[in-house]
Amino acid sequence: MSHANKVLHLGDDINTDDIIPANRGTTDDPDHLKQYALEHLIGVGELLKYNVIEAGENFGCGSSREIAPIALKAAGIEKIRARSFAEIFYRNSINIGLSLEILGEKQQNPVVDAISAVGGLIPFNQMRRQGKITVPPSLTPERSMTLVEKLLAKASGNSYVQPGEVVFAQVDLALSHDAVAAPVAKTFYKHYGEGAKLWDSQRVVLVADHFIQVNDIRPDNKAHLMYEQMVQFAHDQACHLFDIVSPGEAAGICHVLLPEKGFVRPGMIIAGTDSHTCTYGALGAFSTGVGTTDMANIYAMGDMWIRVPQTLVFELSGTLPPQISAKDIILFILGQIGCAGATSKVMEFRGSILAQLPFDERLTLANMAIECGAMCGLIVPDDTTRNYVRSRSSQGFEEILADPDAEYERVYQFDLSDLEPQVARPPKPDQVVPISQLEEIPITKAFIGSCTGGKLYDLAQAAEVLQGRQIADKVNLFIVPASVEIREKAEALGYLEIFEQAGAQILKSGCGACINSGLGVLDKEETGVYATNRNFKGRSGDPTGKNYLASPRTVAISAVLGKISHNLD
């Protein structure tokens, strides 16, 4: 260190909304960001007094936003020591040259060391382009492999890989959105030339969905500038663009939109500048969130570095009780294993329960794997998958299966026959209790939307509850269809009329309140129940607000009763 260490001690599960709140994310200016690093934990500007952070498990969990390590580095943090790091945060920090130390770890990785030694991923890849560095092939001997190991072996040009080793995998699809695409473009042009072109424009998809409604709740001209820069980049590069379809309305939220439009197929490797990119694992693809630097390098090189993950298997058996949803299942799992329970691993869902879940519900399971710390939530393709993909795309796909004797780190077995609705208390999505054990919680806001809770099946569950009923006095219920197609289908099925008659507010498609950037956010000291995926402090509104997570059905019932409940009787 350049001077005496001033160490800030933090605990477990320090998330990216703690590190840099979502509402600060409409700029990537380090001098601005450093003032607000850890503001909800220690106060504005307080991190500038420290140069070392020591923490516990799962540091950097949550969003893939690279502005989290950028803010820490800009504030003068020279090293972060922790017992473990969330995988995306780990990659982002290595990529920008922020020094990390995993306490107690002895294993060294030559590729990670090489990236760190030259100052980060960009100089490393520039040396690759100049032929000064080559990535050696895997030396892993013949072995049985899991599904994710086979996918990464094929994508990296290796016959065999094993957990822990680093490979460079070719990317089949790259996603970004208006909250990150402009900083990615800036980084891409800065380091690869003003005339640089995408390695394959037809494999890049940009979506306007994250900050397009922010001015509905607070003035923010930076968000619109980021949006305009994304649109300009898409036009200059001739890649796929899903622009706003009317003022403040997205064509869809990216994690619902891309499967809907036929971009996702089994066997693909998908990277997205959003942690919930793990959603596409529901279709048998390896999909994971990455940061700004990673994506800029994918744009140039067409590949990304990955530490091959271990796989945790979740055998879900039994007969699912009526009115229990995938949101209840994944909240239950979160309550069992915690936010760090699958850190840097893949969660593979299996069992008889899957056959009982509509395709939309599988997306929910995979979507919230990141809340457990996982890189991807994976489901082996079956007839449900095949039928969905073929209804959306005419392109062929290859199904890859694990070897029968593949080794898994752990197999969890859960019989869900007696599962009751689950609720996550603030401020973490793993603070889960069965709803029968929850004390009476009055609410003033309820929200059904986001990539987790705004799909057609989610809206159907809400409509079943709300038909012929009214929202309680002093409760505002916001409903956000996750795409224009879903809105149109919901209207044709009569759901929107049901919502309107019940007194709900139907909002335009977009991420909105889920990322503190649209109507439905919590005000000071307010309590709400949300069918979203995160309830971190300040994630969906004022940091004094309390956000409980539940299924769309539970949210709808709670809105009718004015308190969190699953029982209309």
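Residues: numbered from 1 along the sequence shown.
- Screening residues 178-205 for ring pair (Phe, Tyr, Trp, His ring centres under 6.0 Å), with sequence neighbours left out, gives Phe188-Tyr299, Tyr189-Phe233.
- The environment of CZ in Arg218 is crowded: more than 12 heavy-atom neighbours from other residues, nucleotides or ligands sit within 6.0 Å.
- Looking at Ser509 and Glu249, their side chains never bring a donor and an acceptor atom within 3.5 Å of each other.
- Between His40 and Phe536, the ring center distance fails the sub-6.0 Å criterion.
- For the pair Ile370 and His276, the minimum side-chain heavy-atom distance is below 4.5 Å.
- Contact check for Ile42 versus Lys49: no side-chain heavy atoms found under the 4.5 Å cut-off.
- A donor and an acceptor atom, one from each side chain of Ser483 and Glu260, are located under 3.5 Å apart.
- The two atoms that bring Ile379 and Arg362 nearest to each other are CD1-CB, 3.8 Å, heavy atoms only.
- Interatomic distance, CD1 of Ile330 versus CG of Asn367, reported as 9.0 Å (0.5 Å rounding).
- At a cut-off of 3.5 Å, with distance as the only test, no side-chain donor of Asn92 or Asn95 sits close to an acceptor on the other residue.
- Ion pairing between a basic and an acidic side chain is recognised when a charged N comes within 4.0 Å of a carboxylate O; Asp28 and Arg65 show no such pairing.
- Using a 4.5 Å heavy-atom threshold, the side chains of Ile19 and Leu38 count as touching.
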Exercise for the section: Walk me through it: do Leu206 and Leu241 pass the test side chain to side chain contact (heavy atoms under 4.5 Å, CB included)? Expected result: CA-CA 5 Å; Leu206 304 181; Leu241 171 67; 4.1 Å; yes
Exercise for the section: Under the side-chain hydrogen bond (donor to acceptor under 3.5 Å, both in side chains) rule, what do Asn297 and Asp294 come out as? Steps first, then yes or no, please. Expected result: CA-CA 5 Å; Asn297 281 271; Asp294 256 330; over 6 Å; no
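- Between atom CD of residue Glu149 and atom CZ of residue Arg143 there is a gap of 4.5 Å, rounded to the nearest 0.5 Å.
- One finds the OH atom of Tyr160 at 11.0 Å from the OG1 atom of Thr140 (value rounded to the nearest 0.5 Å).
- For the residue pair Thr343 and Glu57, no side-chain donor N or O sits within less than 3.5 Å of a side-chain acceptor on the partner.
- Thr16 and Arg534 share no donor-acceptor pair across their side chains, judged by distance under 3.5 Å alone.
- Contact of the Phe168 side chain with the Asn125 side chain is registered, since non-hydrogen atoms from C-beta on lie closer than 4.5 Å.
- In this structure, the side chains of Gln126 and Lys132 stay at 4.5 Å or more apart for every pair of heavy atoms.
- Side-chain polar atoms of His255 and Asp274 form a donor-acceptor pair below 3.5 angstrom.
- To the nearest 0.5 Å, the span separating CG on Asp403 from NZ on Lys150 amounts to 3.5 Å.
- Residues satisfying the salt bridge (Lys or Arg N to Asp or Glu O under 4.0 Å) criterion with Glu66, sequence neighbours excluded, are absent altogether.
- Phe89 and Phe85 have parallel rings, their planes meeting at less than 30° on a 0 to 90° scale where 60° marks the start of perpendicular.
- In Gln237, the CD atom is crowded: over 12 heavy atoms of neighbouring residues, nucleotides or ligands sit closer than 6.0 Å.
- By the 6.0 Å contact criterion, NZ on Lys197 is enclosed, its count of non-hydrogen atoms from other residues, nucleotides or ligands being greater than 12.
- Between the side chains of Asn533 and Thr452, at least one donor-acceptor pair of N or O atoms lies under 3.5 Å.
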